[in-house]
Amino acid sequence: MPALACCVDAAVAAPPFPFPPGYTAWDGSLHAPDPFSGVPHSRNTVLPDLTSTAHWSPSHSAALYRINGWGEPYFSVNSSGNVTVRPHGSGTMDHQEIDLMKVVKKASDPKSSGGLELPLPLIIRFPDVLKNRLDSIQSAFNCAIESQGYGSHYQGVYPVKCNQDRFVVEDIVKFGSSFRFGLEAGSKPELLLAMSCLCKGSSESLLICNGFKDAEYISLALIARKLSLNTVIVLEQEEELDSVIDMSRKLGVLPVVGVRAKLRTKHSGHFGSTSGEKGKFGLTTTQILRVVKKLEKCGMLDCLQLLHFHIGSQIPSTDLLADGVGEAAQIYSELIRLGASMKVIDIGGGLGIDYDGSKSTDSDVSVGYTLEEYAAAVVQAVKFVCDRKSVKHPVICSESGRAIVSHHSILIFEAVSSGKYTVPTLSSVDVKQCGERLPEEAQSDYDNLSQSAARGDYEACLVYADQLKQRCVEKFKDGTLDMEQLASVDGLCDLVAKTVGASDPVTTYHINLSVFTSIPDFWGFGQLFPIIPIHRLEEFPNKKGVLSDLTCDSDGKVNKFIGGESSLPLHELEGENSTKYYLGMFLGGAYEEALGGLHNLFGGPSVIRVSQIDGPHSFAVTRAVPGPSCSDVLRAMNHEPEVMFETLKHRIEEYVHDEGGMAGAFMAGGIAESFHNMPYLGVGSSCCLTAANGINEYYYSGDGGDVVSGEDDHDQWSFVCA
């Protein structure tokens with residue numbers, strides 16, 4: 001036992017562990033751990049040498065976080081070390097880039113400083129990015145059609161299930177009107193919003209009606225047809241046809257019908273489970289033939305005009321894509337042979353997003369093709385089959401929701417604190433006292449640990465330290481070891497692990513966010529999104545971190561990141577009065593908001609819309625809405641905040657007695673404010689921003705950060721309690 005104690009004293013001046021003076025570290029008996037350089041060891045991407053911190057620059061951070069991969073062409077890092085948004089994609093000029101930190105500052109700063117005082121977390125939407133995505137997809141298909149001499153056109157639809165936000169859907173209809181871009185609905189409320197929005201779109205825009213259908217759904221779709229909306233009812237189940245025929249006769253509306261085919265083609269990844277013969281939706285070839293015969297018998301075969309299919313989301317390669325499209329084109333040609341008046345082939349979703357920038361064909365979070373390559377593969381596959389069958393080229397439709405909306409939305413949240421277990425410092429006296437107080441059964445493990453340390457046998461040190469800890473835990477459980485003794489043993493064993501290099505160097509960063517509400521796909525099935533600091537990227541990130549959210553749930557954490565990493569390079573948090581540390585989750589504009597729940601009654605984030613305007617580094621905030629208050633989330637679970645407040649106020653009156661009643665009034669006021677605030681940390685504002693007098697935007701210039709308007713700001717804006 002004395003040997004281990006003496007080694008501790010010797011280690012104070014040399015290595016921080018009870019090894020003998022002058023020992024040679026890492027003598028070959030135990031592999032030396034690699035020091036953390038801040039750079040994750042990627043298995044797929046070759047990065048430049050970033051291990052030197054002396055000349056760290058924003059470009060190093062861009063490479064480290066793979067921004068040049070997943071972020072192209074919309075995100076980059078400027079010379080100040082802040083993430084910037086290029087709202088017009090590759091066509092963005094330098095002076096049009098938007099500094100994300102300036103947007104966050106404008107949104108979160110107090111009103112007295114010219115900000116909106118919106119509480120975080122915050123979703124920032126960029127309609128310009130949304131428009132560019134639509135333009136890019138349309139352009140890719142137009143180029144493929146022209147270069148291959150295809151005899152028809154491309155006409156896409158947006159599946160509103162990806163993000164049903166009113167302004168997102170309205171923007172898509174507006175931006176896509178010139179090229180007849182339409183909408184797809186999968187439920188009755190989605191159909192209602194699609195009908196309403198398309199009243200302002202092109203008369204040729206398709207309204208695709210997917211999903212399970214009852215009589216009410218079908219009647220709504222037929223009414224849409226009556227309203228001159230270009231509506232197609234896609235049969236997901238064979239029995240839906242009877243309802244379509246019956247309701248069309250009752251309403252006197254001739255329907256346009258499509259069928260969804262179950263293809264044999266499918267991919268093997270997570271998203272491929274929705275395709276193939278065992279898929280949830282669609283008709284087999286046998287069922288399709290029965291549909292054809294029934295329509296023919298009813299004299300309605302000319303109503304069958306569209307074929308729909310879905311290989312699966314995140315199609316990884318154009319080879320798989322071409323195989324599935326080719327199979328579907330064969331079915332399309334056969335339907336024409338059988339007498340159907342086919343006009344449209346709807347290839348469904350599947351246009352993938354490169355979430356990790358690896359351009360991999362064997363990953364659920366990446367794809368091995370560009371927009372142009374995707375479009376070319378589709379056009380070529382359809383053209384090849386139709387030419388072989390001497391069939392007129394159909395209109396090509398796609399439902400590429402993920403590819404349309406993912407890029408335009410960024411989730412911003414704050415790391416409010418960080419925590420890492422600090423291994424205690426032990427002197428020789430501490431170690432000696434620890435050994436002397438051990439129960440007899442643990443003495444042998446302690447002696448073995450001491451002797452292994454003296455020999456420099458690191459592997460044996462870990463083994464005996466673990467045995468010592470486990471034995472002492474059992475003694476603590478049966479009451480023969482007190483808490484102080486157990487803590488001493490824990491400290492000694494942790495010191496062993498740290499010195500040998502077996503301790504965990506990862507720091508937990510506590511974030512002002514609910515994973516369940518804002519990143520549900522990560523919790524649900526491990527979907528990865530790029531998460532990076534949005535500032536301080538000119539600094540070397542000297543920590544490895546995982547993210548822990550606010551919820552009282554062990555699953556409320558992010559501990560897997562793009563590149564196959566189990567930690568994220570992060571910066572050390574600064575002092576209490578220093579700049580806050582902001583992180584951004586990118587490419588999350590599809591599904592996350594609609595799927596998010598109310599676990600622990602944390603509601604959704606605040607939301608702003610930001611557009612690029614003329615002038616250097618300038619932008620306009622066209623809408624700003626705080627997230628749901630505590631009252632809002634309570635109402636969602638059928639509570640009555642007003643009644644709750646009255647109950648608590650009466651309780652205060654009953655139990656709080658002070659001269660003048662000031663204490664009770666103060667308590668009641670605090671409770672009332674809590675009902676109106678958001679559930680997240682550090683939220684003290686209960687106001688939402690509304691436009692008045694027809695003015696629905698103000699301008700923020702990067703030069704001065706002032707609100708610019710023709711009249712006094714108070715005449716243009718009113719602040720209304722939530």
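Hydrogens, waters and symmetry mates play no part in the numbers below; they use all other heavy atoms, side chains included.
- A distance of 8.5 Å separates CG of Asp323 from CG of Asp319, quoted to the nearest 0.5 Å.
- Ion pairing of Lys161 with Glu190 is absent here, as no side-chain N (NZ or NE/NH1/NH2) approaches a carboxylate O to less than 4.0 Å.
- A 4.5 Å side-chain heavy-atom check between Leu513 and Leu411 finds at least one atom pair inside the cut-off.
- For the residue pair Ser358/Asp356, the side-chain donor-acceptor check at 3.5 Å is satisfied.
- The neighbour count for Lys383 NZ, taken as heavy atoms of other residues, nucleotides or ligands under 6.0 Å away, is above 12.
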Can you list, pair by pair, the side-chain donor-acceptor contacts under 3.5 Å of residues 589-598, counting residues two or more places apart and other chains?
| from | atom 1 | to | atom 2 | distance (Å) |
| --- | --- | --- | --- | --- |
| Glu592 | OE1 | Asp521 | N | 3.1 |
| Glu593 | OE1 | Arg125 | NH2 | 2.6 |
| Glu593 | OE2 | Arg125 | NH1 | 2.9 |
| Glu593 | OE2 | Asn163 | ND2 | 3.2 |

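- More than 12 heavy atoms of other residues, nucleotides or ligands shown are found within 6.0 angstrom of CD on Glu239.
- Checked against a 6.0 Å centroid threshold, the rings of His407 and Tyr74 count as neighbours.
- In this structure, a donor-acceptor pair under 3.5 Å is present between the side chains of Ser76 and Thr84.
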Going by atom type alone, with no hydrogens or angles, which donor-acceptor pairs under 3.5 Å involve a side-chain atom of residues 191-199 and a protein atom two or more places apart or on another chain?
none

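- You'll find the side chain of Val232 reaches within 4.5 Å of the side chain of Leu206, heavy atoms only.
- With salt bridges taken as basic N to acidic carboxylate O contacts below 4.0 Å, one links Lys389 and Glu334.
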Checklist entry - Would Thr517 and Ser514 count as a side-chain hydrogen bond (donor to acceptor under 3.5 Å, both in side chains) if you check the C-alpha gap in whole Å, the side-chain angles of each, and the deciding distance to 0.1 Å? => result CA-CA 5 Å; Thr517 299; Ser514 165; 3.2 Å; yes
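- Taken from CG in Asn132 to OG1 in Thr92, the straight-line distance is 7.0 Å, to the nearest 0.5 Å.
- Looking at Gln138 and Asn142, their side chains do bring a donor and an acceptor atom within 3.5 Å of each other.
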Item to check | Criterion side chain to side chain contact (heavy atoms under 4.5 Å, CB included) on Leu183 and Val157, from CA distance to verdict | outcome: CA-CA 5 Å; Leu183 299 174; Val157 296; 5.6 Å; no
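- Between Leu134 and Gly176, the closest heavy-atom pair is CD1-N, 4.3 Å.
- Open room surrounds CH2 on Trp523; 12 or fewer heavy atoms of other groups in view lie less than 6.0 Å from it.
- Ring centroids of Tyr355 and Phe529 are separated by less than 6.0 Å, placing the two rings close together.
- Under a 4.0 Å N-O distance rule, the pair Arg166/Glu170 qualifies as a salt bridge.
- Put simply, the side chain of Cys386 reaches to within 4.5 Å of the side chain of Pro394, judged on heavy atoms.
- For the 3.5 Å distance criterion, the side chains of Asp364 and Gln314 fail to qualify, holding no donor opposite an acceptor.
- Under the 4.0 Å criterion applied to side-chain N and carboxylate O atoms, Glu296 and Lys293 are not assigned as salt-bridge partners.
- When only modelled atom types and interatomic distance are considered, Gln148 and Gln380 share no side-chain donor-acceptor pair under 3.5 Å.
- Using cut-offs of 30° and 60° for the angle between ring planes, the Phe141 and Tyr154 rings count as parallel.
- The local environment of CZ in Phe167 is crowded, with over 12 non-hydrogen atoms from other residues, nucleotides or ligands closer than 6.0 Å.
- At least one side-chain heavy atom of Tyr150 sits less than 4.5 Å from a side-chain heavy atom of Ile396.
- Here the two rings, on Phe181 and Tyr158, have centers that are 6.0 Å apart or farther.
- Using modelled atom types and a 3.5 Å distance limit, the side chains of Ser341 and Gln305 yield no donor-acceptor pair.
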